[in-house]
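Following: one structure in structure tokens, then a few remarks.
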Amino acid sequence: MTPEQGDAAQRSSTIEAGDAAQRSSTIEAGDAAQRSSTIGTGPAAREVDVPDDGEGRLERAIGAQVRRIRADAGWTLAEMAARTGLSKAMLSKIENAQISCSLTTLARLASALDVPVTALFRDADGPREAVFTPAGGGARIVARGTRVGHDYTLLGALRGPHKRMEAHLVTLTERSEEFPLFQHPGTELLFVLEGAMVYGHGDASYTMRPGDALQLDGEGAHGPRELVELPIRFLSVVAYGDAATG
């Protein structure tokens, strides 16, 4: 081989190697782009990490509901993954409030758990109100009738933006010739604990003894009509509609 032929062969080999490297680089870039495109589509791509700024109440509520309903059904994460088409890693992130779900994912979860989507948002609007009243700790209410042995003890009231519910323990210890009548918005439930009485609502009268209950429309005039057996104790629970403001 002459020196000129050797140089030509070396240049040809170099060019071929360069072309091969370029083709390989192009193919790898194409594969990477295709993988990126594949990863970047579908419901999972719309999940985002939970912000670190103290928010995430919604994510915590959804995670807690998914975990609770799944546990009640007796399913493992693997079983849940098979039912939803989501990975175990994704489900773990959802249950631990480490990710925000897309609407598509929420629909998948609700369908697999056989619950409406709204069930996954339960408790998302913050803590619910509760009122605890220890024995003997209720506030005594001075009302018409108190002076004749009618004692009203407030056991608790849920009000929120509007008055919603009030519970009283009513104790009647003395007979009287005149009984107070009551009228108020909402619905009232009476439950007799001790004694016996005749309770009126409108034109109707009801003889009530321990264990008896009476539910009535508070707009109708109501109250005790006859004290049959003293002392008398009964619970009075009034639930108000949204229009009641206290």
Side-chain angles (χ1 to χ4, degrees), residues 57-58 60-61 64-65 68-69 72 115-116 118-246:
R57 175 181 294 171
L58 181 61
R60 289 191 295 272
Q65 290 302 319
R68 180 187 65 79
I69 299 173
D72 288 346
V115 297
T118 52
L120 302 180
F121 295 94
R122 192 169 297 156
D123 298 331
D125 52 353
R128 297 292 185 173
E129 183 182 3
V131 177
F132 171 71
T133 303
R140 187 167 182 266
I141 306 299
V142 177
R144 191 158 54 97
T146 303
R147 61 183 182 278
V148 291
H150 294 195
D151 187 81
Y152 304 87
T153 301
L154 180 64
L155 298 179
L158 291 178
R159 297 182 180 273
H162 304 292
K163 180 186 289 186
R164 291 183 290 162
M165 192 185 78
E166 284 186 343
H168 294 87
L169 176 61
V170 182
T171 304
L172 309 180
T173 57
E174 296 183 20
R175 301 184 187 277
S176 62
E177 296 181 358
E178 181 180 355
F179 297 103
L181 289 177
F182 304 92
Q183 280 183 293
H184 53 77
T187 303
E188 183 170 358
L189 173 67
L190 305 177
F191 184 82
V192 178
L193 301 171
E194 181 182 5
M197 65 178 174
V198 177
Y199 200 91
H201 179 250
D203 296 331
S205 294
Y206 305 89
T207 300
M208 303 186 67
R209 299 183 182 278
D212 291 342
L214 175 64
Q215 186 169 321
L216 55 88
D217 183 344
E219 296 286 358
H222 56 280
R225 289 183 178 168
E226 181 183 352
L227 307 185
V228 178
E229 183 181 332
L230 293 174
I232 299 169
R233 290 192 309 134
F234 63 93
L235 288 174
S236 167
V237 181
V238 180
Y240 297 93
D242 291 339
T245 57

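The minimum heavy-atom distance linking Pro210 with Gly195 is given by the pair CD-O, 3.0 Å. The two residues Pro224 and Pro180 have their closest heavy-atom pair at CD-O, 4.2 Å. Counting all heavy atoms, side chain and backbone alike, Met208 lies closest to Tyr199 at SD-CB, 3.9 Å. Residue Ala167 comes nearest to Val237 through the heavy atom pair CB-CG2, 4.1 Å, listed as atom of the first residue, atom of the second, then distance. Summarising the geometry of Tyr240 relative to Glu166, their closest heavy-atom pair is OH-OE1, 3.6 Å, with the distance given to 0.1 Å. Closest heavy-atom contact between Ser205 and Val198: CB-CG1, 3.9 Å.
Taking OH from Tyr152 and OG1 from Thr171, the interatomic distance works out to 10.0 Å, rounded to the nearest 0.5 Å. Distance CZ/Arg209 to CG/Leu193: 15.0 Å, rounded to 0.5 Å. We find the CD-CG distance between Glu229 and Leu172 to be 12.5 Å, quoted to the nearest 0.5 Å. Between the OG1 atom in Thr173 and the CZ atom in Arg233 there is a gap of 12.0 Å [rounded to 0.5 Å]. In this structure, the separation between NE2 on His168 and CG on Leu155 is 8.0 Å, given to the nearest 0.5 Å. Atom CE of residue Met197 and atom CG of residue Leu190 lie 6.0 Å apart, to the nearest 0.5 angstrom.
Note: His184 and His222 have perpendicular aromatic rings, judged against thresholds of 30 and 60 degrees for the angle between ring planes.
Phe121 places none of its side-chain heavy atoms less than 4.5 Å from the side chain of Gln65. Here the side chains of Tyr206 and Asp212 are not in contact, with every heavy-atom distance at 4.5 Å or above. Side-chain contact check for Leu169 versus Leu235: some heavy-atom pair is nearer than 4.5 Å.
Judged by distance alone, with hydrogens and angles left aside, the side-chain atoms of Gln183 form a donor-acceptor pair with the main-chain N or O of Glu219 at under 3.5 Å.
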task = Please test Ser236 against Glu188 for side-chain hydrogen bond (donor to acceptor under 3.5 Å, both in side chains), starting from the C-alpha separation and ending with a verdict.
result = CA-CA 7 Å; Ser236 167; Glu188 183 170 358; 2.4 Å; yes
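Crowding of Asp203 atom CG: a count of heavy atoms from other residues, nucleotides or ligands under 6.0 Å not exceeding 12.
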